[in-house]
Amino acid sequence: MNIDNTASQMRKGVLEFCILSIIKQGEAYPSDIIDKMKTANLNIFEGTLYPLLTRLKNAEFLTYRWIESNSGPPRKYFSLTEKGNAFYKELETTWNELANAVKTLSEAEQQYSNNNTP
Amino acid sequence: MKQVININFHGRVVPIEVSAFDLLKQYTASLSRYFANEEGKEEIINDIENRIGELFQQRINAGASCITDDDINAIIKSMGRPEEFEDQEQTSTTQQTKSSSTTIHKRLYRDENDKVLGGVCSGLANYFDIDPIVVRAAFLLILFAFGTGLLAYIILWVVVPSTSTTEIGGTRKKLFRDPDDKLIAGVCSGLANYLGIKAWIPRLIMLLPFISFAFHSGSWNYIGPSHFVGGFSPGILIIYIILWLVMPEANTTAEKLEMRGEKVDMNSIKNSITGEMKDAKTYASEKGKAMASDIGSASKRGIHSLGDIIGLIFKIIGYFILGCIGFAFVMALFGIAVASTAIFPFKDLLLKEGMQNMFAWGTLLFFIGVPVIGIITWIIRRIAKIKSNRPTLRFVFLGLWLVGLFCFISMAASLVRDFRASNRKSEEEVTLTNAGINKLEISSLVTKHKFYENNWFHDNFFDDMDQDTAYLRNIEIRIVQSPTDSFRVTTVRSARGRTKNEADATADAIQLNIIQQDSLLVVGKGIPITRKNKFRDQEVILTVYVPIGKQIRIDKNVGWGDNIHFDNWNGDDDDIQIDNDNNNWDEDVDYIMQADGLHTLDGKPHYKVLPDIEIDSDRSKENTL
């Protein structure tokens with residue numbers, strides 16, 4: 001059990017949720033997604049993103065269309081399907097519940113340690 | 001000093017250092033190993049490679065003269081190495097064992113470098129480590145012995161990837177329609193591009209059927225395989241339309257490059273050779289490492305590869321069976337299409353002009369034609385793995401088919417109405433010139449037995465065709481004992497129609513010539529069906545009254561074995577009739593009428609008593625005892 005592994009396990013769980021929430025804001029091109037994640041201080045490799053996108057697309061949560069770019073071949077722009085929207089909603093509730101739970105528990109812990117170490 | 005080469009990477013021409021190219025190759029190879037068991041593997045790798053290509057473009061646009069090792073390393077750093085990927089499905093430890101096992105995984109490829117046709121045999125030989133000649137000989141043997149070798153070969157050709165697909169940086173050739181060099185839709189030039197031949201060759205092949213049409217009279221009577229190859233036929237048009245639907249058009253420069261494939265020059269050949277040698281070195285060292293790490297499970301690996309071989313064999317058998325089923329399905333569809341075009345000229349003998357005729361066309365084109373084209377297109381697209389969503393096309397197909405369904409139902413409903421009423425039947429005398437003769441022989445104008453003529457389309461109904469007349473042999477012969485001492489022949493004509501009067505008119509129009517020539521009663525070819533006298537289930541019942549002690553004989557050329565009935569001795573027409581199956585009546589045999597029925601000249605009754613038949617059994621016993 002090492003810290004890297006546990007941390008990456010934690011990140012993995014929310015990666016899909018993050019990607020979906022970026023795409024939900026509007027059609028997105030993979031490197032846009034990477035950039036947005038970077039600005040949010042969530043760094044992932046592009047090599048992680050592409051398989052995830054393909055899996056989400058194969059699960060029919062995402063769809064894409066080719067859009068011509070002015071530099072070279074057309075690019076894949078992803079957007080959410082109806083199924084993806086429903087999936088996102090479910091993830092959102094789960095996330096909110098989870099975040100709430102984590103927040104409550106860690107706050108309780110903080111209060112406890114504050115009280116015990118004056 | 002570094003050597004720089006140009007590669008065609010996903011539709012972009014990229015100048016790259018040789019060492020950087022090697023790094024790139026290693027990286028993409030590691031990716032394809034990592035995603036080996038992933039569904040949608042090719043798409044993922046394609047996306048990543050596309051992205052890498054874009055990054056190259058950015059660097060070159062920014063003014064770099066070529067892609068260097070540093071560029072590649074920077075790109076790899078941002079893309080991430082496979083071992084750094086955050087994978088959702090498996091934990092990193094299982095993934096590692098997986099990727100190490102895939103490095104020694106042997107894959108079946110068609111060998112592009114040593115091929116006669118598609119490189120299937122040499123690929124198999126490589127895989128099983130045997131001489132290609134052995135495999136080739138085996139294939140030839142199966143080909144000559146069962147003819148199935150060809151199908152297996154074609155399936156393997158389609159299913160097994162070519163070694164050229166493993167070349168990194170080289171684009172795969174894809175089948176596109178060529179918009180720059182087109183006569184109709186660019187199908188022929190696209191095919192030519194794909195096969196690397198001149199465009200006039202496929203064009204000529206496509207045109208051949210039309211040219212031969214000039215020398216070939218388009219006879220509808222003989223329909224066979226020649227219908228598709230020889231005479232004018234919709235076959236080649238259907239093929240063209242299907243190809244048109246299947247092949248995407250090469251619109252962008254990238255697609256045009258893909259359409260023509262990578263240009264082979266000295267540099268790329270040398271490159272692939274040195275690359276392969278280097279690959280072999282890294283492969284050997286990787287293998288050595290893997291061996292060292294799993295030295296304990298070496299025996300396991302042996303079983304593993306044996307299992308793989310069995311798996312492969314099952315896979316091949318599976319694809320083969322699937323291929324056979326698919327092939328049979330498509331052939332059946334084609335059969336229906338051919339049969340319906342074959343029946344089509346006869347439609348005027350059944351259908352009225354106007355609406356019914358229109359509906360018949362609609363049925364042929366939309367109800368039968370559209371699914372044939374649709375399914376074949378779908379199968380080809382599945383095989384070629386062309387994935388593009390064209391819902392409009394699907395809706396158009398569905399819409400057209402629904403139109404066809406409507407036409408079919410309307411036509412059928414209208415036809416059913418035409419057969420609704422039957423006519424008023426009455427017995428009519430056939431005047432015999434000499435009714436007092438001792439023996440009557442029934443013969444026909446048909447000279448030979450027509451039932452089993454070697455012809456694809458052949459129906460019991462229309463066994464004789466003239467210019468525009470079909471002869472319907474829906475004629476029943478009944479032989480009944482005559483109450484007087486002279487022969488008597490009567491006919492009952494029946495037909496169907498929309499109304500009773502219409503049915504009567506159709507029945508009255510039946511012209512079946514029956515002429516007595518001495519002891520011969522000659523019956524015409526059949527009930528003529530023409531455009532004017534359409535098919536309305538016309539039937540003629542010919543009753544021959546044979547006096548006791550006189551002879552009757554039916555010639556073989558009459559050929560209505562199933563339709564000859566013999567009524568019982570008491571001559572009650574309808575209710576007492578010995579079942580057809582019961583008689584052992586022979587054609588071309590003389591029978592004599594006696595008080596208890598027909599007998600052969602040596603005294604055997606014409607019917608056979610079958611104990612297992614319940615109905616009539618009492619009576620039959622009575623007759624024989």
Side-chain angles (χ1 to χ4, degrees), chain A residues 1-20 28-35 37-38 42-79 81 91, chain B residues 9-14 27-28 30-31 34-35 38-62 75-93 171 248 251-258 387-389 391:
Chain A
M1 194 114 204
N2 60 34
I3 178 73
D4 284 349
N5 201 8
T6 314
S8 88
Q9 293 282 356
M10 275 171 130
R11 281 151 49 92
K12 267 179 215 170
V14 295
L15 225 47
E16 280 173 349
F17 180 53
C18 293
I19 291 169
L20 287 176
Y29 170 66
S31 61
D32 290 350
I33 299 173
I34 293 277
D35 289 344
M37 286 175 116
K38 258 181 200 157
L42 183 68
N43 288 317
I44 61 159
F45 290 110
E46 287 191 53
T48 313
L49 180 67
Y50 286 103
L52 266 176
L53 285 173
T54 305
R55 275 180 216 140
L56 286 168
K57 189 213 80 195
N58 286 345
E60 289 170 5
F61 296 140
L62 291 182
T63 176
Y64 67 83
R65 61 197 187 105
W66 293 100
I67 292 182
E68 293 284 340
S69 72
N70 36 19
S71 62
R75 296 163 155 189
K76 270 184 185 173
Y77 274 82
F78 287 88
S79 56
T81 61
L91 281 184
Chain B
F9 193 75
H10 283 264
R12 296 178 181 82
V13 176
V14 179
Y27 179 62
T28 45
S30 72
L31 284 179
Y34 182 80
F35 292 117
E38 174 88 34
E39 193 197 347
K41 167 200 170 195
E42 304 195 356
E43 198 178 347
I44 295 169
I45 291 173
N46 230 3
D47 283 348
I48 293 177
E49 287 184 358
N50 249 321
R51 174 69 183 148
I52 293 174
E54 220 173 65
L55 293 170
F56 284 166
Q57 192 74 49
Q58 278 174 18
R59 278 175 167 69
I60 289 161
N61 287 349
I75 286 169
I76 290 173
K77 214 176 156 204
S78 88
M79 299 299 291
R81 291 197 174 273
E83 50 271 28
E84 293 167 323
F85 289 170
E86 297 178 60
D87 197 86
Q88 286 224 307
E89 314 293 287
Q90 298 103 352
T91 58
S92 51
T93 42
T171 48
N251 284 321
T252 64
T253 345
E255 284 169 339
K256 279 172 192 164
L257 277 171
E258 270 189 321
K387 278 179 203 154
S388 75
N389 235 350

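Order of the sequence lines fixes the chain letters, A, B, ..., with proteins taken first and strands second; residue numbering starts at 1 for each chain.
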Q.
Can you tell me how far apart CD1 (A:Ile34) and CZ (B:Arg51) are? Round to the nearest 0.5 Å.
A. 8.0 Å
**Q.** Minimum side-chain heavy-atom gap B:Asp47-A:Thr54 below 4.5 Å
**A.** yes
Q: Considering only heavy atoms and a distance below 4.5 Å, find which of B:Ile48, B:Ile76, B:Leu31 pairs most often with chain A.
A: B:Ile48
**Q.** Over all atoms of both residues, closest heavy-atom pair of A:Phe45 and B:Lys77
**A.** CE2-O, 3.0 Å
Q: Check whether any side-chain heavy atom of B:Glu49 lies under 4.5 Å from a side-chain heavy atom of A:Tyr50, and answer yes or no.
A: no
(Q) Only pairs of heavy atoms separated by less than 4.5 Å count here; which of B:Ile45, B:Ile44, B:Asn50 has the most with chain A? (A) B:Ile44
